[in-house]
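Both backbone and side-chain heavy atoms feed into the values below; hydrogens, waters and symmetry mates do not. Numbers restart at 1 for each chain; the letters A, B, ... are given by sequence-line order, proteins then strands.
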Amino acid sequence: MFPNSPVFPPQASTLSHKVDALFFFMLGGAIFFSLLIVAVLVFFLVKYRRRHPDESGRVLTGHATLLEITWTGIPFVLLMVCFFWGAHVFFGASRPPADAAQYYVYGKQWMWKVEHPDGKREINAFHVPVGVPIKLTMTSEDVIHDFAVPAFRLKMDVLPGRYTTAWFKATAVGQYHIFCDQYCGVEHSKMVGTIYVMEPQDYRAWVAGQGAFGPAGGTVASGAELFVSKACTTCHRPDSSARAPILQGVFGSKVALLGGQTVTADENYIRESILNPQAKIVQGYQPIMPTFKDQLSEEEVIQLIKYIKDLKPEGAAAGSATAAPEAPAVPGSKS
Amino acid sequence: MASEPKAAPLAHHFDSYLQQKESASLGMWLFLGQEIMFFGGLFLAYTVYRWRYASAFAAASNDLDLRLGLLNTVVLIGSSLTIALAVRSAHLGKRKDLVGFLLATLALGGVFLGVKSIEYAQKFAHHLVPGPHFRFEGADPTQAQMFFTLYFFMTGLHALHMIVGMAILVWMLRPAAQGRWTPDNHNFVEGFGLYWHFVDIIWIFLFPLLYLIGRHHGA
Amino acid sequence: MSETVTASEAPRENYLNRDHSVASWLLTRDHKRIAILYLIGISIFFALGGLMAVLIRAELATPQGDLFPADVYNRLFTMHGILMIFFFLIPSIPAVLGNFLIPLMVGAKDLAFPRINLLSWYLYMVGASFTFVSMLWGGIDTGWTFYTPLSTTFATGQVLLTAVGIFIAGFSSILTGLNFIVTIHRMRAPGLTWFRLPLFVWAHYATSIIQVLGTPVIAITILLVGAERLFHIGVFDPKYGGDPVLFQHLFWFYSHPAVYIMILPAMGVISELVTCFSRKKIFGYHFIALSSLAIAVLGFLVWGHHLFISGQSVVAGTIFSFLSMFVAVPSAVKVFNWTATLYKGSVSLETPMLYALGFIGVFLIGGLTGVMLATLGIDIHVHDTYFIVAHFHYVMVGSAIMGYLGGMHFWWPKITGRLYPAFISKVAAVVVFIGFNVTFLPQFILGYLGMPRRYHTYAPEFQTWNVMSSAGATVLGIGYLLPVLYLLWSLKYGEKAPANPWHATGLEWQTASPPPLENFEVTPVVTEDPYSYPDGTLRPKEVPVGV
């Protein structure tokens with residue numbers, strides 16, 4: 001089922017080749033230098049073995065400063081090569097491409113829940129199309145977990161109370177392990193799943209068929225319902241009586257805060273604004289928003305975020321028919 | 001050693017009083033170094049959350065009693081003076097002065113702890129002790145609770161150091177009166193002096209960090 | 001420690017035979033006796049931790065969880081880690097060999113604070129008892145790393161009791177370090193300048209700095225964890241507005257330097273062994289001495305490399321990766337200098353030297369894989385897998401225990417006054433080396449394949465390597481058992497050791513074996529650089545005292 005060699009994991013994402021190339025470079029270097037040192041050691045052991053019980057070594061005169069500088073300098077240069085190469089790979093792994101499809105991952109003791117862009121969910125299974133960059137926004141409902149797919153060389157901790165992100169682009173159709181790599185309690189080793197990489201047309205067919213899915217829920221529309229039912233619209237409204245920042249077009253924009261800082265309105269910021277409204281106050285507004293902590297589940301927070309991301313500045317979205325045109329970089333996303 | 005209550009002898013493994021004194025003093029400084037790292041963990045946590053929850057911390061800080069905090073600061077600075085005078089008395093071999101200044105330090109320490117317990121009692125009465133009964137009228141109770149959690153940890157750990165210090169002070173009274181510490185050999189008094197100053201200095205940092213952050217907002 | 005007393009020669013009085021009462025041991029302020037007390041303590045906890053390792057490897061021989069339920073397995077590896085790290089590895093070389101040797105090596109009668117030294121041992125034993133009781137009371141299921149909020153809110157084991165144990169044992173470590181620093185600064189014999197100190201002493205000086213400045217941070221952190229668990233208020237759980245990553249920063253601020261608490265003293269031992277069994281002045285004395293200090297200082301700046309994938313910012317990860325590269329350099333410098341010491345030496349492969357060579361071998365692998373883990377682009381794949389497990393066992397078990405055993409075999413005649421059988425001890429050294437590598441090399445492969453650490457059950461394709469690892473563990477267990485047997489045997493039946501059986505330099509070899517109560521009959525005066533071996537042939541040396 002898993003196309004595994006007994007010594008090497010499958011390479012199934014764009015990242016896996018980059019990580020492996022760096023690994024083989026360092027492995028080669030490590031083996032070379034280890035063998036070199038061992039060879040020198042063995043040579044000395046034989047050549048300078050003790051021949052009489054009362055023999056002692058020769059006293060060397062002079063200083064070996066040049067030698068010391070050499071064998072300090074060479075490792076240092078090689079280490080710097082490893083550092084820069086490693087950082088380069090890491091930067092690539094940390095920055096999702098702009099066109100990546102957005103998926104959400106929830107970790108909880110002891111299962112993985114995945115939410116597809118259209119809001120459908122699956123548990124301990126994850127179907128993805130090959131060749132499409134996929135961005136994961138992840139959070140935990142209890143302790144720290146870690147979303148790891150060895151075949152993709154992908155790994156990221158999943159924390160309670162905030163979002164972490166990861167991305168991948170699968171390159172080989174097949175089935176691969178998902179592991180939880182951060183010890184998370186009794187059934188840690190059962191918090192495993194399978195990632196199914198499919199041809200895009202197979203993926204579309206699979207999405208169209210309902211069988212494998214759980215109920216739909218996490219959609220923009222359900223976010224819109226929450227936005228009304230939690231009375232967010234009372235204050236966050238795009239008209240002159242708004243007591244809170246206008247949310248249309250806020251996602252991804254720069255928001256000016258009380259005190260002069262600015263912050264980019266990303267998912268962590270919006271999450272914080274919903275659950276800890278006083279943490280960052282938008283310039284020009286009073287800190288009047290109550291917290292929604294303990295009133296929303298992690299999945300509902302994501303639904304609201306999806307809804308807010310979908311609010312376009314030109315007044316296309318729910319409840320904003322009368323919105324006045326506004327600049328996209330208008331300061332204000334929140335309470 | 002209990003059998004000879006008089007002047008402290010040179011320990012068997014030292015060659016001279018000077019070596020013994022220098023060892024004791026270096027040992028005490030190292031101990032204080034580890035104390036700084038011990039409190040350092042709390043100061044780091046404080047810095048992180050104050051930066052993150054700036055406005056909630058400022059608001060919560062206003063619920064501390066500035067006058068009592070200021071009073072305690074003055075009391076502790078006074079006790080630093082009396083312990084310094086105690087060390088000087090030991091150095092000069094003035095036995096009575098030594099006992100007197102130790103007693104004065106002990107008294108000032110007692111005043112500090114008394115004031116501190118009044119403050120704690122107020123917090124308790126106002127439901128500002130973190131936990132299930134925590135009530136805070138401001139905008140974000142969770143963040144304010146973080147402030148009070150750190151407040152109780154930091155001042156509590158400081159108070160614990162005061163209590164340990166005062167216990168040692170009480171113990172010191174008898175040997176001080178008996179003349180155990182001579183101008184040659186009063187490492188214990190000097191070491192304790194360093195400890196007491198250290199505890200004062202921790203407070204000198206705690207006071208502005210905890211009591212004064214809200215003031216410039218005028219809230 | 002029974003002595004065979006014949007009518008003709010009454011045994012010379014030494015630190016072991018001058019008083020046999022129990023009180024004379026439990027109330028002793030003699031650094032040599034306290035070292036023996038520590039030796040007994042850490043041996044017990046090493047045996048317990050080792051037993052758990054055997055059970056863990058037995059469970060992992062098959063992919064299913066057929067030996068223990070998951071919860072029991074989790075408690076086993078947690079307690080294995082806690083016992084081995086806090087109650088064996090951290091005190092091992094410093095508290096036993098360091099305690100015994102540092103006053104001897106600097107020509108002092110004792111450590112600067114003998115009573116505090118005894119207090120350290122009691123703190124260690126009290127802390128260990130708390131942990132032991134917590135184990136009997138059901139154990140703890142957080143992993144030795146205590147990550148929040150698992151440890152503060154979700155775990156069901158005896159977190160508090162164990163935390164108290166570690167907190168108390170931490171102060172034992174702090175006081176030991178403090179004692180060493182003051183002793184090395186203030187108690188050196190006349191003529192013993194800083195650059196005449198043995199490298200063992202330099203390594204312990206560097207270690208002590210970490211113990212004094214690092215340990216209090218874990219102490220306050222573990223206190224916060226305990227309070228959060230007990231009172232449901234705190235600074236780490238997101239539920240209370242806290243940040244679990246802050247815990248990881250505080251934890252690794254100590255626990256990364258703690259790795260150097262375990263490895264630096266072993267490096268100090270290896271420096272002594274390599275020069276003694278080459279009968280030649282060590283190559284690059286100053287570079288080895290200062291590299292220990294460099295490791296201690298740099299070691300405080302690299303903790304964030306444990307958090308590359310923990311949600312720490314990319315910038316922070318990059319900085320920590322960069323700094324971590326620096327700490328690899330002084331380690332490499334040591335290896336090169338040890339190798340060069342053999343050049344034109346007179347090398348003999350006595351048992352301690354076998355351990356020294358074994359150390360260099362496993363440390364090469366442990367160190368170089370450490371560089372891989374510090375490289376961001378590789379860590380994102382192997383973090384929290386068996387690759388990490390293999391790496392830190394290579395450093396902390398392979399290297400640190402090789403150093404510990406090498407040191408024990410080197411100074412055993414000095415400590416006990418007895419020689420152990422040469423042949424079987426060489427066999428044991430080879431068995432340890434083979435057993436160790438068979439156990440842990442396969443784990444690198446498992447890690448790169450992606451097998452996560454702390455897994456009770458695993459995917460079936462990982463089984464081959466796990467079986468190999470478990471088989472190796474059996475060999476390794478035998479390798480560790482052998483020295484226990486023949487060293488105990490030697491106490492009664494071993495040949496009496498002369499003052500300087502290895503023709504080593506260093507003040508500890510100039511006094512009798514075992515040393516008298518206050519170490520030296522006359523305070524020694526040092527007139528030479530360390531490791532001053534003559535050129536080509538040993539001097540028909542003045543017979544050392546007491547032989």
For R453(C), is there any backbone N or O sitting under 3.5 Å from a side-chain donor or acceptor partner on Y183(A)?
no
Please flag which part of F363(C) lies under 4.5 Å from any non-hydrogen atom of chain A: side chain, backbone, both or neither.
neither
Heavy-atom distance under 4.5 Å to chain A: side chain of L357(C), backbone, both or neither?
side chain
Strictly by modelled atom types, are H177(A) and E461(C) linked by a side-chain donor-acceptor pair under 3.5 Å?
yes
Per-residue contact mode, V245(C) against chain A (heavy atom under 4.5 angstrom)
side chain
Heavy-atom contact with chain A under 4.5 Å, split by part of S321(C)
both
Give me the atom names and distance for the closest heavy-atom approach of T537(C) to S56(A).
N-OG, 3.4 Å
Could you look at L275(A) and say if it's the side chain, the backbone, both or neither that has a heavy atom under 4.5 Å from chain C?
neither
Heavy-atom proximity to chain C below 4.5 Å, by part of I31(A)
neither
What I'd like to find out is whether the side chain of D237(C) reaches to under 4.5 Å of the side chain of P160(A), using heavy atoms alone.
no
F8(A)/Y448(C) under ring-ring contact (aromatic ring centres under 6.0 Å, His included): CA gap, chis, key distance, verdict
CA-CA 7 Å; F8(A) 205 71; Y448(C) 207 83; 5.4 Å; yes
L446(C), part contacting chain A, at a heavy-atom distance under 4.5 Å:
neither
Please state whether the side chain, the backbone, both or neither of L41(A) comes within less than 4.5 Å of a heavy atom of chain C.
both
Which atoms of D20(A) approach chain C - backbone, side chain, both or neither, heavy atom under 4.5 Å
both
Under 4.5 Å to a heavy atom of chain A? For W465(C) that would be side chain
Please report the shortest heavy-atom distance between L79(A) and M325(C), naming the atom on each side.
CD1-O, 3.3 Å
Decide whether S189(A) and T457(C) meet the rule of one side-chain donor and one side-chain acceptor closer than 3.5 Å.
yes
Are the side chain of N74(C) and the backbone N or O of V186(A) linked by a donor-acceptor pair below 3.5 Å?
yes
Minimal heavy-atom distance between F277(C) and R50(A), with the atoms involved, is O-NH2, 3.7 Å
Considering all heavy atoms of both residues, which atom of I144(A) and which atom of P244(C) are nearest to each other, and what is their separation?
CD1-CB, 3.9 Å
Quick one: are D142(A) and K239(C) in side-chain contact, heavy atoms under 4.5 Å?
no
How close do G311(C) and R162(A) get, counting heavy atoms only, and between which atoms?
O-NH2, 2.8 Å
Would you mind checking which part of Q248(C) comes under 4.5 Å of any heavy atom in chain A, side chain (CB onward), backbone (N, CA, C, O), both or neither?
side chain
Tell me, side chain or backbone of I360(C) under 4.5 Å from chain A's heavy atoms, or both, or neither?
side chain
Do L368(C) and S34(A) come within less than 4.5 Å of each other through their side chains, counting heavy atoms only?
yes
When every non-hydrogen atom of A70(C) is compared with those of E187(A), the smallest separation belongs to CB-OE1, 4.2 Å
Specify which of F336(C), Y533(C), Y147(C) makes the most heavy-atom pairs with chain A at under 4.5 Å.
F336(C)
Go through the atoms of T142(C) and report whether side chain, backbone, both or neither lie under 4.5 Å from a heavy atom of chain A.
backbone
When rounded to the nearest 0.5 angstrom, what distance separates NE2 in H381(C) from NZ in K155(A)?
7.0 Å
Looking at side-chain heavy atoms only, is the closest gap between E55(A) and L538(C) below 4.5 Å?
no
Heavy-atom distances under 4.5 Å only: say whether C180(A) touches chain C with side chain, backbone, both or neither.
both
Tell me if a side-chain donor or acceptor on R58(A) pairs with a main-chain N or O of P534(C) at a distance below 3.5 Å.
no
Measure distances from K281(C) to the heavy atoms of chain A and classify the residue's part below 4.5 Å as side chain, backbone, both or neither.
neither
Applying a strict 4.5 Å limit to non-hydrogen atoms, the region of T72(A) in contact with chain C is both
Let me know if T152(C) has heavy atoms under 4.5 Å from chain A in its side chain, its backbone, both or neither.
neither
Okay, side chain of D535(C), backbone of V59(A): is any donor-acceptor separation there less than 3.5 Å?
yes
What part of M80(A) gets within 4.5 angstrom of chain C, counting heavy atoms only: side chain, backbone, both, or neither?
side chain
